[in-house]
Each structure stands twice: as structure tokens, then as C-alpha cells.
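Below: the structure, in C-alpha cells.
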Amino acid sequence: MAGRGPGDSARGCSQDNTCRGERNYSCSSSSDLYSSLGLKDFDFLGDTSVAEEDTDSAILYGTLRGSIVGLRYYTGIVNNNEMVALQREPNNPYDKNAVRVNNVNGDQVGHIKKELAAALAGIMDNKLAVVEGIVPYGAKNSFTMPVELSFWGREENKEAVLDQLKRHGFKLAPSLKGSEYGFGSRWISGRAGPSYSAPVHAAVPLTTEQLKGEFDKLFEDLKEDDKTCEMEAAEAIGTLLLPHQKLALGWMVSRENTNDLPPFWEERSNFYYNTLTNYAEKKRPKNVLGGILADDMGLGKTLTTIALILTNFRDGKPLPVEKITSDKFYEEPAANSTNSVGRGLCKDSSNVMEPGVSNVKKFRTTALKYPSCLPKRDKAKKPRHLGNSDLEESEEWLLQPTETTSCVNQEDPGFVSVPLPSSGCLKRQRKRKGTASVQSVEKKYSDDGPRATLIVCPLSVLSNWIDQFEQHIHRDFDVKIYVYYGSDRSKDPSVLSEQDIVLTTYNILATDYGIRGDSPLHKVKWLRIVLDEGHTIRNPNAQQTKAALSLEGHRRWVLTGTPIQNSVKDLWSLISFLKLKPFTDREWWHRTIQRPVTMGAPGGLGRLQSLIRSITLRRSKASQVKGTPILHLPERKVLIQYVTLTEEERQIYQSVKNEGKATISRFFSEGNVLAHYADVLGVLLRLRQICCHPHLCINTSASFSNDNRTPEELHVRLVSKMKLVLSSGSDEECAVCLESLTLPVITHCAHVFCKPCIFEVLRNEQPNAKCPLCRNELQVEHLVECPLEEEVDSSSGKKPDGEWISSSKINALMHALIELRRDNPAAKCLVVSQFTTFLSLIENPLKESGFAFTRLDGSMAQKKRVEAIRCFQSNQAGSATIMLLSLKAGGVGLNLTAASRVFLMDPAWNPAAEDQCFDRCHRLGQKHNVVITKFIVKDSVEENILKIQNKKRELAAGAFATKKPSASDVKQNKINEIKALIDL
DNA sequence: ACCGCCGGGTGCC
DNA sequence: ACCGCCGGGTGCC
């Protein structure tokens, strides 16, 4: 067991007293406000207020010499200069003030002498300060030993702490100048005489930007580092790896098979010694057999990971999977499939059929109808380095498909339904039982060690993983993959443990874990655990983080393109997941890495760097391998196509604009623009919609005045306000933390913040909290949460009925599409808009002109999305050439490389959102130059949005150099944006 | 001696 | 603990 520091026990308490999941916004008086905050899912709020969480603003109050007593009763031993942890023991039967002392490993060393403990108890219990200890000398003593205590906390608590100590007859000495006291390396022993040098108020704290910069520099060094060499993937990988992927594979395999000591450990005279904490033990500390693959998006982390799974089972030997060496014919379909249809049809085992299953992916019947087509379908797709390609040529397909009709899709007889693994619980079984056809490789599951690799990913990339399995695992290999998702997922751990790969999502992981003792995922000892988009667990208090941390398996990997989002803090969960001693305990992470880095202590950053260096690999798109760029993406061009409105459209536009401008001018003259933010956004939204199509803005003219009636009405209004604000795309960042929104909530005054941020404001400004943006009254019961994962579109849900009418913009689009089809019939394009209703309108002319199109928006269920993506990415004749795409649909990892043209129908407020969308087709795998056309209505709000985009781009480019804008900057900026947008 | 002093027993919180 | 503290044994020089 890892050691428990004081923080652990504190957290433990607050959680135990918390009924999580209670979500009750009934009115609460301000006195019980905070307890009610704690009662929601914010059990960490209590912690953020204390110094321990808040190391960024913690200062050192001073130090004090005390003694640890009762050594002889406990087994925990320490070295001179070793860090120790103090832990309150309020239930100690002899003294309720007891403070126990643990060594780095969590073994009890002794207690703080009672007189001192009496002084510390209050300080620790009220979280006025964090108290840390180092044993300067006397480690060999048998009864008592000295301990140097340091006190850390917020400036405003300093007096209270000094008072409390004084009451018990103690006085803090200033910390020694020049020593690295508290940063854990050397304690300069000797009497801490009264030296009156100024207290070290830390060096220069680093800003987030500086840290990011330092991090990039750190990774720079890694690029040309030739510590690993390229490695070929096992033959079961049907895709040739690119050089940088082979390099990553080599690195990952070497990480998994390493025998090295973990970072900051040395062998010293039969002991293993931690150089950060000075802790030593006889047992050799385990290194992570894994690490962080932090390559940029699009470099192939997924493929590399699949290669790792198949290439390194044990000691660099490939995963023993069944391989078909001679193919006679197919006898029986997958064992547990309810297959009555695919018999004989499914040479391609991935297409095991389950009639009646509603979640289906589609394949052109042409691909399946005549079995001999199957190998072709493969060959066109992927390069092979397999020696047995001749085998495929000789494959004989003796059986004809039977009963195919029952799996023909009703809506489109051209498609055959095949079960989609991502939904329901079901597996892509590559099982091929043919008596004479399968060469059994070794024993399969009877090995004593674990076999299965668990992959956890966000739901949005689940289908990407499945696609990549399909694409990259050679079809001649029987890799058992189980998608653990959906209500019918197996509760039987042994079903999971006999797979080669189990794929699941963070939500499933967390949900299962929440049901105590009933998580099959937590009963399996995994060969390997992979967290994709690993930064999703950066909040240490989130259920999914806890669930991920308690998975069992020695090889542990984190895949992420953004290892650091906001601060070094983000790294803790990842490092903790990797089970690197002693960082699994947050106290040691804090004391040895996080605080030294954020306070700019000498060597702090260096420490972090050597830690990161030893466990991560990161390449950017611009990185080079042996002098050549790892990625050479085709060119990407952005064109702006101006559109002129018709007379009629212009009239509508002008009248709405004049009215809106008058309203907004009034707000300006009254000086309360931000208080009417929702109304302002409403006006702008309508203008943006008219630019696309005048029909879009019917029904959205609801006023947002606050003369509210019933609470229910108010709530409905707030929800619609928030949808408006979020769909406006203007509030990509929270004005409190100035980062992108996490868990957005909307205030009564229609301003959107991160939930934790605004709750912090509430707590600090009790009882008269004001909105940080407009100083309106802030009440917790008026905060409304964003409906999760739901596509926000203020105009969604209404289907324009009757005859449809075109618009200038649609005309411009259709003109371009038809021209494109004439010049290059095979070209595929994305038609992107922020308004799903607009996409619906566009469907009309597409049908009229006979385009084969598909659609992807946020309201679609996962299975529908997968279908849409497959249909679009397919290179079959007759597949969709156009995809109607809502700007924010899907997550990172969405792969739409079939498209070489993008038509952006309306500009987004935030250019990053556009860029992210473009990246979905302009990424690894794109063969053509990509041309992006942005339609912009002349003399309209859209032109102004372009200006704002440019401003934002400049700002982003200089973000590392300049200081963070203040909240008032953000405010002013918003006002300026409004002015610019409405021509004021 | 309702003291001092001696020396053995003892020992965290 | 090569300490302090406790409490019993003891008692001029």
C-alpha cells in the first residue's frame, strides 16, 4: 500500500461525509451554502480552499524544531534528511490532538510530542497550514528524534497560525536563506540559530505560459535523442509503420521490458535510495513498464499502440495469436455469435452477422455478395509487408452466401447490415474456426500471466479505435477484441481476461467502479492498461480518475497530445496512474516536484524535466527523424468566397440589424452591455443566421429580459440562454480561469464559467457574490449546468416544413459543388456549419442535384455517427461524396481524410474551432491538397467575425510571450468584440 | 520525616 | 533513556 499522507486522510473524511450525486438546486440560505456546495459533486471544493491544494499561492510561514517520540513502537524507519509526513489522528484514544509521523513509504515512524501536537492539531484540522517535516539527524535514535517542521499556507492565514503556535509557546524561525529547505533536497544541519535573514518568499513563480514554454523546450531536447531505435511491428500488423512510428514502437517496447530503476532512485550499498525524499528501502522499487506517449495529434499514437500490443507480449515476443496458414473453407462462424446468416459468407470474420441487431454498420453488398471480392477490398486499402500475400490469391471461396436477405438494410438495400461493435457489448470477433485451416500458436489462455490489454478512451474516439483495429490488424490473425460498452457488457471478469484487447470508455470505467465491488474491469489483472486521451483523468477527484488509478496491471500507458493543459498539477494523475514511487502519493509529488517547479525553486524544473524525459516520448508534427520531417502533409489552402445577399435578404438583414443595433446602443449608453449579454448574443446570432438563410432565425426571437416569473420558467430561460451563449461560440474561455471551459455553468446574467471557478467565486465572496463579468448578483440556485455532450444549437429541433427556398449562400455552395463534381467527380467534401438546421436546409438542393451525401452532427447517436463516417470515408463507387458536418460534432480523432475540399458555410467566433475542424481532414492519411472555402457575406456581421478571428489568432500566437490577460481585460475585450461586431 | 536523598523501575500518543 | 519522572525506601555524623 502506498503511504497515506495527511492530505489523504483529510480527503477521505470529506468524502465520507459527502452524499455524492445529490443534485438538488433547492434554495439554500447562504449559511449552508458551502455545505450544500460540498454536497454536490464538488467534494474537492473544500480542498481547493486549503493550502494543500493551493500550492500555487502557498507561502512558507517558517520552520520549527520538534521531536518525534515513541519510535520504538513502530517499524517505520527514516534516514537523516529524509522527508516525513504528518498525519492527524483525531481518534487516538490517548490524545485527540495526536499527530502521527510517517516515512515516505507510509510506515509510521512515531508521534509528534504531545505539547507540540496540541499546537499543531488546530492548525492542521482547520487547514490553516500544511505542515511538513524533515528529520535532520538522529535517524538512528531508538526513542526520539528531531524533526524540522515547515509551515505552508496562504498569506491571509499566516497570523492565525503564528498566534496558535504562540498560545502553545512555540515560535517559528524564518527559513534558512539559501537552503533548499522545504524543497526536499538537503537540510543544512546544525543548530538553526536565530538568523534574521529575510524569509525566502520563493523565487520567481512561473506562469502557465512560461511552464508551457519550458515544457516545449524540454520536448525539443527529446526529438533528436536517439536513445531508442526503430522497431518493426509483428507480422500481425498489416500496415507498414512510418519511421517515427517504428521509433515510438521501439521506445514503448523498451519501456515495457526495462530493468532500469525508476527516475530518482539509486542503488547504494544494498539499499535503493530515493534522491528526492532521501527515503531508502531494501526492496528494489518497480519502474513503470510504460509511460506517456505524448505525440501530437495525428502522428499515429493509436496505430503505434496497436502495434505495441501485438508486438510485445513478453520479452519482445509477439502476442501469440492464431494465424491461418492454409485456408480451406469456412466451417463454423464465431462461436458465440447468433449467426444464421453469415454462414459461409464471412470469410472476413469481422463481418460476423447478427440479424435483428439494430446497431449496424454498413458494407456495400457488392463487397460481401460475392465472397471473392473480399480480399480485393483489403488490398486496395493497405500496404502489406506480410510474406504470405500469395496465400490470399489462392484463397478459395467455396460457399455461397445464404439468407442474405435477412440482413439487408431496409432503407437501403445496397447495404448489408453487420453488427457494430461499438454499440451493445459486442466484440469484433476475428474468430475463424476451420478445422484444417488454423494453425494454433502455442497455448492460448492457459498461461499463468495476464494476456489482455485494456484500452480506455473517451466515447468520441471509441469508433476510431475500432476502425483502426479493422484497418491495421492483419485479417489472417485472430486477435480477440471485446468492446466493453453498452448495457449488455459482460459482468464476467474471465470473459475479459481471455481477450487480447478490451476496449472501453472512461464513463463505463467510472460507472462500474462506482458500483462497489461489481466492476469486472477492476477484477482483471491486465497485461497492459492504456489510457487514451489520458488528460481526461487530470482532475484527481473525478470518479473516472479514481477508477483509472485503481486498475491493476503492470504495463501502464498514457496517450495524450496535451500532457499539460493548465499547469503542472495536470500531471499528477498521470504520474500517479503510472505508479511511480513516491509520486503516487500527492504529498510527495507536491513537495518534490510541483511546488519546487511552480515556486521556481532552483532545480525544480530540472527535476520535472528529468522525470518527464525518462517516461515520455513526444514529437510534434514539425519534428524530424534523421533530418526529415515525420509528416509531410499535403498543402492546405484557405479561400474566402464572398457572397452578396439578394435584395430581399438584405432587407431582412438590415431591419434586424437596425433594431438590434438600437437595442445594443441603448445598453451601451446605460453602461450595462454585459448585463444584457444574452440579448446581445441573441441579436448577433440572428444576424449570423440571416447570412446563411433567413429561415434560420424564425423562432429564436425570444427575449431574455429578466422580469422572471416562476422558478420553472426561469430555469427554462436560463437553459435556453446558455444554449445560446454556447452556440454563439464566443465564450470559449472562462473569465475566471481564462482557460477553456470545463463543466460550463451559466449564471443568472447569462455569463458562462467553469463550474469549479464560479463556485470558488461564490465561496470567496460570500454572502454577496457578484458575477465576475457584470457584477450582477450571483446566486448558487440560479446556476445552470450545461446538458452534457448534447449538441447545442439554438435553432435545432425545428424542421422547416413546406416548400424550401434557397438562399444566396446556398446558391454559392451549390454552384461550387456542381462545378467541383464536373471537374472531379470523385472529390469528396465537407460542408460545415454551426447551425444544424442550416445543414438540414442544404439537404434539399443536394437531393435535387443528385448528390450522394451523408451527415454528422452532435445530436446523432454514436452508431449513427460511425455509419456516417464509414459511408463518407469509403472509397466504394456510389459512396457519399459530401458530408454535412456540424462544426463541433465529434471529438478529436475524427478522421475525415476522404475529403479534400471543405466548405465552411459560416465563420466561427473562435478560429481554433475552425482549425480543429479543418484538421479532421487535413491530417495523416490525407493524399490530396486540401482546399477550404469560407463563405462570407459581404457587408455583414460575418466580415466582422473574420476581423475578430484574426485578432484572436494574433493573440494566440503571442500567448506564450505576453502575460495572461486579467479578468477586466477579458471584460473589456468582450465589450470591444460586441462593438466591432455590430459596427458601433 | 507532612521533609530530602537514594536508586530502581520505567518510558509515545 | 548515558535522559526525566515516578514513587518506595529510608533517614546524624
Side-chain angles (χ1 to χ4, degrees), chain A residues 1-14 16-17 50 52 61-153 160-173 187 189-193 277-281 585 587-588 591:
Chain A
M1 263 327 258
R4 294 182 63 80
D8 287 305
S9 70
R11 279 191 297 279
C13 289
S14 71
D16 292 342
N17 302 331
V50 310
E52 200 228 318
Y61 298 158
T63 67
L64 180 63
R65 173 67 58 89
S67 50
I68 308 173
V69 297
L71 300 182
R72 64 164 157 161
Y73 300 100
Y74 308 101
T75 53
I77 54 163
V78 291
N79 289 302
N80 287 343
N81 299 314
E82 183 172 332
M83 293 181 168
V84 289
L86 272 61
Q87 182 185 12
R88 276 282 287 124
E89 262 184 356
N91 296 324
N92 187 299
Y94 305 95
D95 181 0
K96 60 177 171 40
N97 293 325
V99 176
R100 78 177 253 187
V101 180
N102 301 326
N103 70 9
V104 176
N105 199 36
D107 303 323
Q108 181 165 9
V109 177
H111 280 103
I112 293 292
K113 205 166 156 51
K114 61 177 180 297
E115 293 79 7
L116 181 52
L120 295 185
I123 294 171
M124 294 174 74
D125 292 344
N126 296 317
K127 303 188 175 180
L128 295 175
V130 164
V131 190
E132 298 176 350
I134 290 182
V135 173
Y137 57 86
K140 299 259 180 311
N141 295 359
S142 7
F143 304 102
T144 69
M145 60 172 70
V147 61
E148 204 67 33
L149 302 178
S150 52
F151 294 72
W152 300 83
V161 170
L162 295 184
D163 269 12
Q164 163 84 352
L165 288 169
K166 199 172 175 184
R167 267 199 299 272
H168 289 82
F170 297 101
K171 195 177 168 205
L172 290 187
W187 167 246
S189 81
R191 280 230 60 83
T277 59
N278 296 320
Y279 172 78
E281 63 182 342
D585 189 312
E587 175 171 355
W588 306 119
R591 290 176 65 173

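Order of the sequence lines sets the chain letters (A, B, ...), proteins ahead of strands, with each chain counted from 1.
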Interatomic distance where CD belongs to A:Glu115 and P belongs to B:dC12 [whole Å]:
13 Å
Aromatic-base stack, A:Tyr94 on B:dC12, cutoff 5.5 Å, angle under 30:
no
Using the C1' atom on both, measure B:dC2 against C:dC13 and round to a whole Å.
25 Å
To the nearest Å, how far apart are A:Asn97 CG and B:dC12 P?
17 Å
In whole angstrom, give me the gap between the P atoms of B:dC6 and B:dT10.
22 Å
Whole-Å distance between B:dC12 P and A:Gln108 CD?
13 Å
I want to check something: taking the side chain as every heavy atom from C-beta on, are A:Leu165 and A:Ile123 in contact at a cut-off of under 4.5 Å?
yes
I'd like to check A:Val161 versus A:Trp152 (side-chain heavy atoms, cut-off strictly below 4.5 Å). Are they in contact?
no
Considering only atom P, compute the distance from C:dG9 to C:dG4 and round it to an integer number of Å.
26 Å
Whole-Å distance, A:Lys114 NZ to B:dC12 P, equals 9 Å
Over how many whole Å does the gap from A:Leu120 atom CG to B:dC13 atom P extend?
13 Å
Describe the nucleic acid contact of A:Ile112 in one word from base, sugar-phosphate, nothing, applying a heavy-atom distance below 4.0 Å.
sugar-phosphate
Using the six-membered base ring of C:dA1, report whether A:Phe143 stacks on it, requiring centroids under 5.5 Å and planes under 30° apart.
yes
Atom-to-atom span, CD of A:Gln87 to C1' of B:dC12 - whole angstrom:
16 Å
Whole angstroms only, please: what is the CG-C1' distance between A:Asp95 and B:dC13?
6 Å
With a 4.5 Å heavy-atom cut-off, do A:Val78 and A:Met145 have their side chains touching?
yes
Spacing of A:Asp125 atom CG and A:Arg88 atom CZ [to the nearest 0.5 Å]
4.0 Å
Indicate, with a heavy-atom threshold strictly under 4.0 Å, whether A:Arg72 touches base, sugar-phosphate, or nothing.
base
Could you check whether the side chain of A:Tyr73 and the base of B:dC13 have a donor-acceptor pair of N or O atoms closer than 3.5 Å, going by distance alone?
no
Could you check whether any side-chain heavy atom of A:Leu86 comes within less than 4.5 Å of a side-chain heavy atom of A:Leu149, counting everything from C-beta outward?
yes
Across all strands shown, which nucleotide pairs with C:dA1 by Watson-Crick or G-U wobble geometry, both distances under 3.5 Å?
none
From CG of A:Asn141 over to P of C:dC3, roughly how many Å is that when rounded to an integer?
14 Å
